Amino acid sequence: MDKLMQLGYDMSRLWAKYWPDYMTGIRNTLIVAVIATLVGCIIGLICGILNTIPYTKSDAVGKRFILKLIRVIVRIYVEVFRGTPMILQAVFIYYGLPYFSGGAISFKGSTGVWIASLIVVSINTGAYMAESVRGGIISVDPGQTEGAKAIGMTHFQTMVHVILPQAFRNIIPQIGNNFIINIKDTSVMFVIGFIEFFAVHRNIVGLNLMYFPSATIEMIGYLCLTLAASILLRVLEKKMDGNDSYELVQVDALTMSAGTYNHPSKGTPFDERNPEAVKSMLREDLRRQAERDAAIREGQKAETRRSHGERSHQDGGEQ
């Protein structure tokens, strides 16, 4: 308990003294994570679409060659940036490009560091999103594409109006996952001198040597950022799913003639999991059965009276 109290005291001292620096690091981290995720999604979308353009043996040789070449380039890009650590990618881009270009391409000053950081995280995110987009497109029922072609839509129209809206909903969890990863992985950008949340921690520790209290502040800060991102993602998913209580349009008289459909979670007369619906159905069945029984009894009584009347008539005639 004494150790926890001492840790809390050290953390409060660090926060009181360096909270502007911590907040600057959080701001820089969020800016890079948001921009890089958006740019990475655009890169992944382009790569995913190019990687799923269909072709057949009946197509022109030039078209088949270009599409195969594009797929090879996309595959190399994805495998290289998914298969290497981001910290090494940062080193290669920040130091390697000036080395191979003889200084023609360089990242000078704080602006250059910002640009290099955005490039690294964006390209890395794009490599992961390329596979996510491809998987989202493939996950859409092929019948959707066939139906679009049947009504005369081009491949571009089919992708824009039919496939991508459905694929986008399928890959939203992966987009949110990449955003959360980017919040954490920007911590490796300190290797090229970018001042983000983790770099602030390293600088503060170099001043006062209070490594563990500062690391605890960092851990809590990253956890708060990722939890907030997860909550926003859930809200976005619910917005895209729409209202869970809806009714079908009944223009055709044959459409749902038995009644209007409601979402099962709200309970319907046709949902046997709803106790009230079951009771209502049982009461209706009992009422109908009682009506049938009463009708049968009335019929039997009428038949009995008719039989008695006929016998009385016969007996009178005989006398």
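Keep in mind that what you see is a predicted model, and the values were worked out from it rather than measured.
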(request) Establish whether M86 and I192 are linked, either directly or via other cluster members, by ILVMFWY side-chain heavy-atom contacts under 4.5 Å. (result)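 Yes, same cluster.
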
(message) Are M23 and V205 connected into the same hydrophobic cluster when the rule is that any two of I, L, V, M, F, W, Y join if their side-chain heavy atoms are below 4.5 Å apart?
(response)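 No, it is not one cluster - the side chains of V205 and M23 are not joined through contacts under 4.5 Å.
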
Check whether any side-chain heavy atom of [X] sits under 4.5 Å from a side-chain heavy atom of [Y], and report yes or no.
X: T125; Y: C41; answer: no
X: I43; Y: M129; answer: no
X: S214; Y: Y18; answer: no
X: V91; Y: V191; answer: yes
X: D185; Y: V121; answer: no

(message) When you measure from the side chain of Q144 to the backbone of V162, do you find a donor-acceptor pair of N or O atoms at a distance under 3.5 Å?
(response)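 Flag not set: sc Q144 to bb V162 has no pair under 3.5 Å.
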
(message) Main chain of I53, side chain of R71: is a donor-acceptor contact present, judged purely on distance under 3.5 Å?
(response)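 Confirmed, R71 side chain pairs with I53 backbone.
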
(message) Within the supplied structure, the quantity of interest is the number of heavy atoms (other residues, nucleotides, ligands) at a distance under 6.0 Å from W15 CH2; does it exceed 12?
(response)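 Correct, the count exceeds 12.
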
(message) Between N170 and Q166, is there a side-chain donor-acceptor contact under 3.5 Å, judged purely by atom types and distance?
(response)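 Note: Q166 and N170 side chains miss the donor-acceptor criterion.
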
(request) Classify the ring geometry between F197 and Y22 as parallel (under 30°), tilted (30 to 60°) or perpendicular (over 60°). (result)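 Because their plane-to-plane angle is over 60°, the rings of F197 and Y22 count as perpendicular.
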
(message) Is the distance between the ring centroids of Y211 and H201 under 6.0 Å?
(response)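 Yes: the rings meet the under 6.0 Å criterion.
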
(request) Determine, using ring centers only, whether Y95 and Y99 are less than 6.0 Å apart. (result)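 Ring centroids of Y99 and Y95 are no less than 6.0 Å from each other.
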
